Amino acid sequence: MKRMLLLLTLAGVAALMAWGFHQAIYVAPTEATMGDVQRIFYYHVPNAMLSFLFFAISFVSSILFLAWRRSAPGRAQAADAWALASAEVGVVFCSVVLITGPLWARPVWGIWWTWDARLTTTLILWLIYVSYLLLRRFADGAQMQALAAVLSIFGALDVPIVYMANRWWRTQHPAPVFGGGPDSGIKDPRMLAAFGWNVLAWAVWGLMLLAFRVHVERRQQKIRQMQTVAALAGK
Amino acid sequence: MTETSVEAGVDAASADVAGVETASWFALVGTHLQKDLRIEWRSREAIQSMLFFALLVVVLFSMAFDPTAAASREIAGGVLCVATLFASVSVLNQAWTREIRHDVLDALRLTPADRSAIFVAKVLANFLFVTVVQVLLGPVFFIFYNLRPLGDGWLLLAVVPLGTWALVANGTFFAALSIRSRNRELLLPLILFPIFLPALLAMVLAVKTVLTGDGSDPHLLWLKMLAGYDIIFMTVSLLLFDTVLQAE
């Protein structure tokens, strides 16, 4: 039954992603000035939005871990699993953003990369969370969890500063499509639909990945705990 | 009934301890600082190695880019910051490894004193070391790059210490953090550099504005940002240092 449900979920997510692909590539009209290359927008922006969501989950879980570390160790372990899993999924999504961005920029701007506010912020965000994952590899046990949580908080603090710094400096990235002023927003309903479907599909896919990863991490925590108990008993 | 009395007892005890702490916080910082400075005075390891390393970086950059006078004004700020950054990483690592030997760090953790005093003293000591290096290296730097600030040179006296503080405060904090990992020496730059990037950007641009005198920053925006960065990260470091020190 459980296996059946799992397969159904997988099939549903795959169907949703296929539908999102269909919408983005075949249904949405070709953009007037940029042409077909604009379609990368349907992947780039949803992934960017979701990577921010996952990093935010990681940040909140890290704070919860530190808060519960002494008072509720069981819940703290769950929070740590969420922090790690969402950081990993966030890095994957952020990598997609960093790869699709230059692919679009090359034909439209004529350059692969520029040190603009959003690009730099995203890159630094990616660097910080990669360093977070490295820290988690280089140390282990309860102390590593606390140290990683601290680093995650520092990383989250850094992001708005980087963003402000670069905005004062120079910016080339297109203005925000949503909430960027009276003229912003997608006018064509078919484009909006393609965008909406892709946000939904990627969100469901990402959350499923996150759920799997948390599940695996919780199991590994349990195994480590059992190994510790066995080692103590064997002594 | 018993619970409340226990709580009251704990409260009274912690109030007692807090009373002792607040009275001697500055004295504690002074003691720790004195200890670090004395160790450095006897060995001179940190300053010598930093000085030579930073000198090497300055020479290497000069060789690699062979800059003209105008170009060197543009890049000098960056070279100065990066030279300081690289040089201080090795010393920041040393700052805490020294405490690991003979379990000094564990002894420090057992003292009832406020942990933030240990952190502040360490930051101050490292700040002094890096500043000494910068003061000694500054003239060499100006000679090698044929520099003559076209802007308000006195501003450098605010920009460089603020940038150094950002580097040293974060560096000391993350050195304490990475010392718990397996390959501690390797980890510090990996986590410090991404976090330090906004401060580096602000410092480089502030120095560049002073050296080129192009008036691109009339409101001293970068200086203010650097100060803001220092305040924010120092506060968070102080708040979280206890967690890092007691991380098991």
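So you know, we letter chains A, B, ... as the sequences are listed, proteins then strands, and number each from 1. Owing to the predicted nature of the structure, the values given are computational and were not obtained by experimental measurement.
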Please give me the minimum heavy-atom distance between [X] and [Y], naming the atom from each residue.
| X | Y | answer |
| --- | --- | --- |
| A/Leu135 | B/Leu177 | CD2-CD2, 3.8 Å |
| B/Pro194 | A/Ile128 | CB-CG1, 3.7 Å |
| B/Gln246 | A/Arg69 | O-NH1, 3.6 Å |

Task: Distance in Å, B/Phe196 CZ paired with A/Ile124 CD1, rounded so as to fall on 0.5 Å steps - done: 12.0 Å
Has [X] got more than 12 heavy atoms of other residues, nucleotides or ligands less than 6.0 Å from its [atom1]?
| X | atom1 | result |
| --- | --- | --- |
| A/Arg224 | CZ | yes |
| A/Gln225 | CD | no |
| B/Trp96 | CH2 | yes |

Task: Geometric class of the B/Phe174/A/Phe154 ring pair [parallel <30°, tilted 30-60°, perpendicular >60°] - done: perpendicular
Open item on the list: Can you tell me which of A/Val150, A/Leu66, A/Leu125 forms the most heavy-atom pairs within a distance under 4.5 Å of chain B?
Closed with: A/Val150
TODO: Return the option, out of A/Leu123, A/Leu134, A/Leu157, A/Leu147, with the maximum number of heavy-atom pairs under 4.5 Å with chain B.
DONE: A/Leu147
Task: Residue of the set B/Leu240, B/Leu239, B/Thr243 for which side-chain contact (heavy atoms from CB on, under 4.5 Å) holds with A/Ile153 - done: B/Leu240
Task: Per-residue contact mode, B/Ser178 against chain A (heavy atom under 4.5 angstrom) - done: neither
